[in-house]
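In what follows, a structure is listed as structure tokens, so that the remarks can point back to it.
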Amino acid sequence: MDRTIASAEEVEPAWLTRLLRDRRIIGGDVSVDAVRPGQGAGTFASTVWHLAVEYRGDPPAQAPRRLFLKVTSGSASPSEFAAKEHRFYTMLAPAMEGGPGAHLPIPCYDASFDATTGAAHLLLADISESHEAQSQPDERVGRLAVDALAALHGAWWDSPRLGRDIGRLPSLEERRRDVANARSATATFFDRCGDALPARWRRNYERVLDGLPGLYGRHATGRNLTLAHGDAHLGNYLFPLAGSDAGSPRAAHMLDWQFWHPTIGGTDLAFLIARWEPEVRRGLESTLLRRYHAALLGHGVTGYSWDDCFDDYRLSVILVSVFIPVWQCTLWGWAPNLPAVATVMSAYEELGCEELLGRSHV
């Protein structure tokens, strides 16, 4: 449609009727009689509502009875993120239809982004009766999450569109700036931590910073790249209800597509797994990584060995996981989170990530 919605009250019956008719979900003999919003809830950068929809006439089975509205104001979040999520639902999600990742995005009925104000809205199916959030990792949740990532990555693996009309790959000069920014942010992080940061962890960071230019060579090869979600922590999935009937949806959906970009698949795996508490990670990591790799091959990926997959995961622990506490502190203004550093340093050390620092990745 041609307008950006700012609140649930703007989802009026006449407007929703036109929308559903334009998409051929309902016919001319059916109209929306009422839209009843629940209480709005604020999230990190948006406001969301659950909407109940009532009809006049005999609506078809595909007519939505429940909708989910997400609204972002230009002041709540950088407009580039709203623009990327809008582009995902209007361009990337339709391109995934019929492929291995077709089920991942929640069905979207309308998406709008105002480039002038940075405001945006998404009108999605409300799947809360069949799916739920999970905050604690376990074997079932881990399996469903890595299956979702394998489906996403398999759908875009080495696509010729990556870095062309689907995102862009950083130039060498941009990578140099990334390294300089990481050095500056880590120095600030060290200052804020003071003596509370153990010397061993400080040395790990220093070695990683020295190795960053060579580590980015893996991405520059242009091989075995895919589309990453970019924020694949556990909170950005909705999982099928445990114990649901065999005929119910059995796959996880993924949320919040503001950070997608072309890169190595290990980026999402590290974001998901490497930040789990060490005892949980140790119990699930190997099995889940093996499952992910097998699923990739099942989606038609070739020429990507288990060793390649494991190295990309370890590389991403270096490039992504160990720096998350740094960015949270220096960009978001959080207090230094030393327990989070302990968690990611445990993964870094136990996985032998340091051996990658001196290896050629070209």
Requested in this report: Check step by step if salt bridge (Lys or Arg N to Asp or Glu O under 4.0 Å) holds for Arg314 and Asp311.
Outcome: CA-CA 5 Å; Arg314 295 195 297 166; Asp311 280 352; 2.8 Å; yes

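Across Arg290 and Trp306, no two heavy atoms sit closer than the pair NH2-NE1, 3.0 Å. Nearest approach of Ala228 to Thr263, heavy atoms of both residues: CB-CG2, 3.5 Å. In terms of heavy-atom proximity, His253 sits nearest to Ile127 at CD2-CD1, 3.4 Å.
In summary, Asp210 and Arg207 do not engage in a salt bridge, as defined by a charged side-chain N under 4.0 Å from a carboxylate O.
In this model, a donor atom of one side chain and an acceptor atom of the other lie less than 3.5 Å apart for Ser7 and Glu9. A side-chain donor from one of Glu132 and Gln134 sits under 3.5 Å from a side-chain acceptor of the other.
The stretch residues 141-189 participates, sequence neighbours left out, in these ring pair (Phe, Tyr, Trp, His ring centres under 6.0 Å) pairs: His153-Tyr292, Trp157-Tyr304. Pairs of residues two or more places apart, or lying in two chains, that qualify as salt bridge (Lys or Arg N to Asp or Glu O under 4.0 Å) and include a residue from residues 143-162 are Glu139-Arg143, Asp147-Arg291, Arg161-Asp165.
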Considering only distance and modelled atom types, tabulate donor-acceptor pairs under 3.5 Å from the side chains of residues 190-203, sequence neighbours left out.
{"from": "Arg192", "atom 1": "NH1", "to": "Cys329", "atom 2": "O", "distance (Å)": "2.9"}
{"from": "Arg200", "atom 1": "NE", "to": "Glu349", "atom 2": "OE2", "distance (Å)": "2.8"}
{"from": "Arg200", "atom 1": "NH2", "to": "Glu349", "atom 2": "OE1", "distance (Å)": "3.3"}
{"from": "Arg202", "atom 1": "NH2", "to": "Gly194", "atom 2": "O", "distance (Å)": "3.2"}

In a table with atom names and distances, give each donor-acceptor pair under 3.5 Å that connects a side chain of residues 271-281 to protein atoms at least two apart or in another chain.
{"from": "Trp276", "atom 1": "NE1", "to": "Leu272", "atom 2": "O", "distance (Å)": "2.8"}
{"from": "Arg281", "atom 1": "NH1", "to": "Glu285", "atom 2": "OE1", "distance (Å)": "3.1"}
{"from": "Arg281", "atom 1": "NH2", "to": "Ser346", "atom 2": "OG", "distance (Å)": "3.2"}
{"from": "Arg281", "atom 1": "NH2", "to": "Glu350", "atom 2": "OE1", "distance (Å)": "2.7"}

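Taking the six-membered ring where tryptophan is involved, the planes of His50 and Phe68 are perpendicular, since the angle between them exceeds 60° and thus also 30°.
Under the rule for a ring-ring contact (aromatic ring centres under 6.0 Å, His included), Tyr55 has no partner lying at least two apart in sequence or in another chain. Residues forming a ring-ring contact (aromatic ring centres under 6.0 Å, His included) with Phe113 (at least two apart in sequence, or on another chain): none.
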